[in-house]
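Throughout, a chain's letter reflects where its sequence line sits, starting with A, and its residues are numbered from 1.
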There are 2 protein chains.
Amino acid sequence: MVTNPGRRRRATIHDVALEAGVSRGTVSRVINDEPYVSAEARIAIEAAIERVGYVPNTAARNLVMQRSQAVGFIVHEPHSLFLEDPNIGEILLGANAALSLADFQMVCLIIDSERDTDRVARYLSGGFVDGVIVVSARKNDPITRIIEKLGLPSAFVGHPPDLRRLPFVGIDNRSSAFAITERLLATGRRRVGMIASALDRDSGADRLAGFTDALGPLFDPALVARVPFYAYADGVKGMRALLAAEPELDGVFAASDAVAAGALEALREAGRSVPGDVGVVGFDDSAWALRCQPLLSTVHQPAAGLGERAAESVLAQLRGEEPELGGILLTTPIVWRDSA
Amino acid sequence: MVTNPGRRRRATIHDVALEAGVSRGTVSRVINDEPYVSAEARIAIEAAIERVGYVPNTAARNLVMQRSQAVGFIVHEPHSLFLEDPNIGEILLGANAALSLADFQMVCLIIDSERDTDRVARYLSGGFVDGVIVVSARKNDPITRIIEKLGLPSAFVGHPPDLRRLPFVGIDNRSSAFAITERLLATGRRRVGMIASALDRDSGADRLAGFTDALGPLFDPALVARVPFYAYADGVKGMRALLAAEPELDGVFAASDAVAAGALEALREAGRSVPGDVGVVGFDDSAWALRCQPLLSTVHQPAAGLGERAAESVLAQLRGEEPELGGILLTTPIVWRDSA
DNA sequence: CGGCGATCTGTGAACGTACACAGAGTAAGT
DNA sequence: ACTTACTCTGTGTACGTTCACAGATCGCCG
């Protein structure tokens, strides 16, 4: 085959060698700029590279080097994540920044169907990545099992994987919820409710637990509105339910900022003033918090930091270090604004 | 080397052959389930695969097959895109769905710095992807030049690349803006302004042009507020400026739904009713539109469709078909709700 | 002038896979 | 019994690169 019609054959290191009148070895040395190559050879080779339009085939290089200089970033349930969770973008960028510094390529893989799961599993097994960061893994996930089986350096962000020996990085939802509820109480509120979301996830359950802890004897199960998701619409519904259950309510902890925004809407519609009649706090410190009227007091979620630490964990494992046991928990400062 | 301490050596097709007492060729036939292999050999090999824990090295396979079964998805300016543009997630998912159907792996690459640009360029040249989808390419972009140089099958979504011979898929911003402005006028509005964003991008400039077209002799340059981005805060600022310039204003076309949401806030703060005093329309039909009070009339942007068509274009080129000249423009239905 | 180190270059093997080909064995048709 | 066809298997080569090693050339010193 001379030239593949349609797509032209790419120049190889061999073509360059032929063109420059030297051997592969010398060309290789020039490309990876190693010593021990004469000035004239170097010049000839550089000219030849230009002439034949050579670009190295990294895939071939990786095959012999036994590493890819790439780390996968797996996103599960992209629908809910991209559209509801404002953190995912920040986590992505945090991880990318850390990997970039170490000259690693981050490749983001989306899992949106059964087909995707299998294909991504094949991709991970295929030697395209040296490690992997997983966001929002599912219970009993085939991807998690593959990672464990391959012994692929990994870091899970958001919540711990099924296999507790795999490293993860996250926040302590329980003590964060505890802290912000405590400060809400410190403002003098006594009838405090919670709009609790996503109780099937660790994050949701832990936030409720922290709330319960903080209230202690003041806790009243009737003042917990349970809603499915972390979304605005859930906040509206949850707040209405709470007001119906207890008109004298004077404080609310919403499980997310989006939920809190919905709660504010419902409170406005019910004619309550915030923070006058009712104090409201959220969780995430996302764009929602600054979009609310009044500005939302909330728990700052260090999303970029989570991505960064996850990347660093994978890089450390790649250097041969042992991953931390029990995972890494990042601190979550409380941001005190106007809503409570 | 017996076993690399730390990371164990992965089993190869050779190990399987040895374990099963057959040759590489036969193992290869079993893996790609080709005919002409005896039942006993097949059973022995499958058992051996299980025993040694073999998973094929796709990277090595790609090297000899000269294709990767993967398509890159490049995201520029991720900060603004992920945090402001609600469409990016949908485009991503649309593209992923189409590629998934053809059993291609989509790998998403983020460009967030100068380093990233170079690394991604190397990645594209390295033979890891058979084609590429680019969102929001920049003017005079090194990535675009690399793609052109390599002859990599590609599709640009959002706006056309510098090199007009590269295929792109987008919407007709100008005629969409024309259409919605015209319908706004049809509701009887006569003093109509626009909050025009991102005039340095094709999309922003075209939306303003469409608006101007539709107004014809009614057009008044004083009723155009120019703001830098498609964001909520820009909408608030733009609307205030517009009201200051013309208190009698009775209609507004906002360059995006986020901007429209900001405009609604500014109108509420100025004591104007919507759609009573002022009619408001947006652009995108994003989550913003349903979060507004009143619900927003807007131009539906077929984001998932854009991703899908871009993917299909790349796949078609991979099959050897010629890309459409001049690009593909998708239609943008107008969604009439309560704000105008 | 022989030996030695430094510099430069080419060659062969390896990475893990797919594919073409050759060869062996078996069954059926002439 | 001889061809023919079909089934099954193993071997060699290729993909594009890196790396270890073996030569070759040169200057320098004893």
Side-chain angles (χ1 to χ4, degrees), chain A residues 1-4 7-45 48-49 52-69 122-123 125-128 130 150, chain B residues 1 4 7-45 48-49 52-69 122-123 125-128 130 150:
Chain A
M1 142 186 39
V2 187
T3 43
N4 188 336
R7 187 140 43 264
R8 64 177 181 277
R9 200 179 70 87
R10 285 181 41 182
T12 75
I13 203 173
H14 226 113
D15 301 324
V16 176
L18 225 64
E19 178 78 15
V22 295
S23 74
R24 299 185 331 253
T26 312
V27 176
S28 179
R29 274 183 282 269
V30 167
I31 292 166
N32 306 1
D33 50 23
E34 288 167 12
Y36 298 145
V37 36
S38 66
E40 47 196 337
R42 192 177 294 273
I43 291 169
I45 289 167
I49 287 176
V52 302
Y54 169 75
V55 284
N57 184 321
T58 325
R61 172 182 307 182
N62 293 347
L63 182 58
V64 42
M65 307 269 281
Q66 301 285 69
R67 52 172 185 67
S68 65
Q69 285 286 77
R122 281 203 322 264
Y123 192 86
S125 319
F128 293 99
D130 293 337
L150 293 172
Chain B
M1 139 188 43
N4 188 333
R7 189 141 37 266
R8 64 178 180 276
R9 201 180 69 86
R10 284 182 43 182
T12 75
I13 203 172
H14 225 113
D15 301 324
V16 176
L18 223 65
E19 178 79 15
V22 295
S23 74
R24 300 184 330 249
T26 312
V27 176
S28 179
R29 275 184 283 269
V30 167
I31 291 165
N32 306 1
D33 50 23
E34 288 167 12
Y36 297 145
V37 36
S38 66
E40 48 196 336
R42 190 177 296 274
I43 291 169
I45 289 168
I49 286 177
V52 302
Y54 170 74
V55 284
N57 184 323
T58 325
R61 173 182 306 183
N62 293 347
L63 180 60
V64 40
M65 308 270 280
Q66 301 286 70
R67 53 175 183 67
S68 66
Q69 286 284 80
R122 281 201 326 259
Y123 193 85
S125 318
F128 293 99
D130 294 336
L150 293 172

Whether B:Asn32 side chain and B:Glu34 backbone form a donor-acceptor pair below 3.5 Å
no
Please give, in whole Å, the distance from [N] [atom2] to [X] [atom1]?
X       : N      : atom1 : atom2 : value
B:Arg67 : D:dA14 : CZ    : P     : 21 Å
A:Asn57 : D:dT17 : CG    : C1'   : 8 Å
A:Arg61 : C:dC15 : CZ    : P     : 19 Å
B:Tyr36 : D:dT9  : OH    : P     : 13 Å
A:Ile13 : D:dG16 : CD1   : P     : 11 Å
B:Ile49 : C:dT17 : CD1   : P     : 10 Å
B:Leu63 : C:dT17 : CG    : C1'   : 8 Å
A:Glu40 : C:dC8  : CD    : P     : 10 Å

Establish, with yes or no, whether the OP1 or OP2 oxygen of D:dA14 is under 4.0 angstrom from a side-chain nitrogen or oxygen of B:Gln66.
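Answer no for this pair, as no side-chain N or O of B:Gln66 is under 4.0 Å from OP1 or OP2.
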Would you say C:dT7 has OP1 or OP2 under 4.0 Å from some side-chain N or O of A:Ser38?
no
Distance from A:Asp15 atom CG to A:Arg10 atom CZ, nearest 0.5 Å?
11.5 Å
Nearest to side-chain heavy atoms of [X], which nucleotide of [options]:
X       : options                : answer
B:Thr26 : D:dT18, D:dG16, D:dT9  : D:dT9
B:Ser23 : C:dT9, D:dT9, D:dT17   : D:dT9
B:Thr12 : C:dT17, C:dA18, D:dT17 : C:dT17

Categorize [X] for me: base, sugar-phosphate, or nothing, with a 4.0 angstrom heavy-atom threshold over every strand shown.
X       : result
A:Asn62 : nothing
B:Pro35 : nothing
A:Ala59 : nothing

Could you list all N or O pairs between the protein and nucleotides 22-27 of chain C that sit under 3.5 Å apart?
none

Least distance between heavy atoms, [X] atom then [Y] atom:
X        : Y       : answer
B:Gly127 : A:Ala59 : O-CB, 4.4 Å
A:Asp130 : A:Arg67 : OD1-CA, 3.5 Å
A:Arg42  : A:Val30 : CA-CG2, 4.2 Å
B:Pro35  : B:Arg29 : O-CD, 4.0 Å
A:Ser68  : A:Asn62 : CA-ND2, 3.5 Å
A:Ile31  : A:Tyr54 : CD1-CE2, 3.5 Å

Both B:Val64 and A:Ile31 contact DNA chain D. Which one's nearest nucleotide lies toward the 5' end?
B:Val64
5' precedence on DNA chain D between A:Ala11 and B:Gly21 (nearest-nucleotide basis)
B:Gly21
Starting at the 5' end of DNA chain C and moving along, which residue's nearest nucleotide shows up first, B:Arg29 or A:Val22?
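Its nearest nucleotide being more 5', the pick is A:Val22.
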Looking at the base of D:dG12, is there any donor atom on it, or on the side chain of B:Arg24, that sits under 3.5 Å from an acceptor on the other one?
yes
